[in-house]
Amino acid sequence: MERPARLVLENPRQVRAVASPVAHQIVSVMERVRSCTVAELGDHTGIDARSLYYHVRQLRRAGVLVERGERSTGGRRGAVYELAGDEVVL
């Protein structure tokens with residue numbers, strides 16, 4: 001499934017989901033790396049993966065992130081996430 005070039009955040013739930021500094025950092029990293037697991041996201045951000053799960057869940061529920069399968073990272077399987085658009089715009 002092809003994703004749109006731009007994801008314009010128009011509804012309050014999406015805006016709230018990206019409002020925290022951690023969520024904003026997640027979006028910035030995802031714009032660069034395109035897809036990754038939470039463990040890989042932790043490697044990219046320097047934030048413990050356990051601290052990222054809440055923000056990833058909120059971004060997914062708001063439709064900012066989408067789950068695109070699974071892959072092994074460090075011997076554990078994890079969901080692979082992507083942004084719902086190539087670029088996120090407020």
Side-chain angles (χ1 to χ4, degrees):
M1 178 203 252
E2 190 145 333
R3 63 185 181 182
R6 285 185 149 191
L7 171 63
V8 179
L9 305 180
E10 297 178 315
N11 73 52
R13 185 176 194 170
Q14 290 175 320
V15 174
R16 280 192 308 273
V18 299
S20 80
V22 172
H24 185 75
Q25 189 175 2
I26 290 169
V27 170
S28 294
V29 167
M30 295 299 287
E31 284 178 331
R32 271 194 340 267
V33 302
R34 310 305 253 176
S35 69
C36 65
T37 65
V38 175
E40 293 165 341
L41 191 56
D43 292 340
H44 288 290
T45 61
I47 300 170
D48 188 292
R50 292 172 294 189
S51 299
L52 294 171
Y53 281 103
Y54 168 80
H55 299 283
V56 167
R57 187 171 41 254
Q58 295 306 312
L59 290 165
R60 200 180 101 243
R61 286 180 181 162
V64 177
L65 289 181
V66 293
E67 192 174 323
R68 296 277 191 229
E70 288 186 343
R71 75 170 158 243
S72 292
T73 305
R76 298 184 71 181
R77 296 207 50 83
V80 176
Y81 296 97
E82 294 181 353
L83 288 174
D86 291 333
E87 174 186 28
V88 175
V89 180
L90 270 174

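Only this structure's heavy atoms are used, side chains among them; waters, hydrogens and symmetry mates stay out. Not measured: the values here are computed from a predicted model.
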request  = Report yes or no: do Val33 and Leu65 belong to one cluster of Ile/Leu/Val/Met/Phe/Trp/Tyr joined by side chain heavy-atom distances under 4.5 Å?
outcome  = yes
note = In terms of heavy-atom contacts, Cys36 and Arg71 come closest through CA-NH2, 3.4 Å
ask   = In terms of hydrophobic clusters joined by side-chain contacts under 4.5 Å, are Val8 and Val18 together?
value = no
task = Looking only at non-hydrogen atoms, find the nearest pair between Ala84 and Gly63 and report the distance.
result = CB-O, 3.2 Å
note = d(Thr37 OG1, Leu52 CG) to nearest 0.5 Å is 10.0 Å
ask   = In the single-linkage hydrophobic clustering (I, L, V, M, F, W, Y; side-chain heavy atoms under 4.5 Å), do Val80 and Tyr53 co-cluster?
value = no
ask   = Of all heavy-atom pairs between Ala17 and Leu59, which one has the smallest distance, and what is that distance?
value = O-CD2, 3.5 Å
ask   = Are Leu9 and Val22 connected, step by step, through hydrophobic side chains (Ile, Leu, Val, Met, Phe, Trp, Tyr) whose heavy atoms are closer than 4.5 Å?
value = yes
message = Looking at every heavy atom in both Gln14 and Glu10, which two are closest together, and how far apart are they?
response = OE1-N, 3.3 Å
query = Do Met30 and Val88 have side chains that get closer than 4.5 Å, going by heavy atoms?
reply = no
query = Counting heavy atoms not belonging to Arg50, are there more than 12 under 6.0 Å from its CZ?
reply = no
task = Check the hydrophobic clustering (I, L, V, M, F, W, Y; side-chain heavy atoms under 4.5 Å; chains of links allowed) and say if Val38 and Val66 are grouped together.
result = no
task = Could you tell me which non-hydrogen atom of Arg34 sits nearest to which non-hydrogen atom of Glu82, and how far apart they are?
result = O-CG, 3.4 Å
task = With the side chain counted from C-beta on, respond yes when Gln58 and Arg16 share a heavy-atom pair under 4.5 Å apart, and no when they do not.
result = no
remark   = Of all heavy-atom pairs linking Arg60 and Tyr81, the shortest is CD-CE2, 3.7 Å
key: Criterion side-chain contact (heavy atoms from CB on, under 4.5 Å) on Leu7 and Leu83, from CA distance to verdict   = CA-CA 8 Å; Leu7 171 63; Leu83 288 174; 6.0 Å; no
task = Report yes if some heavy atom in the side chain of Ser20 is under 4.5 Å from a heavy atom in the side chain of His55; otherwise report no.
result = yes
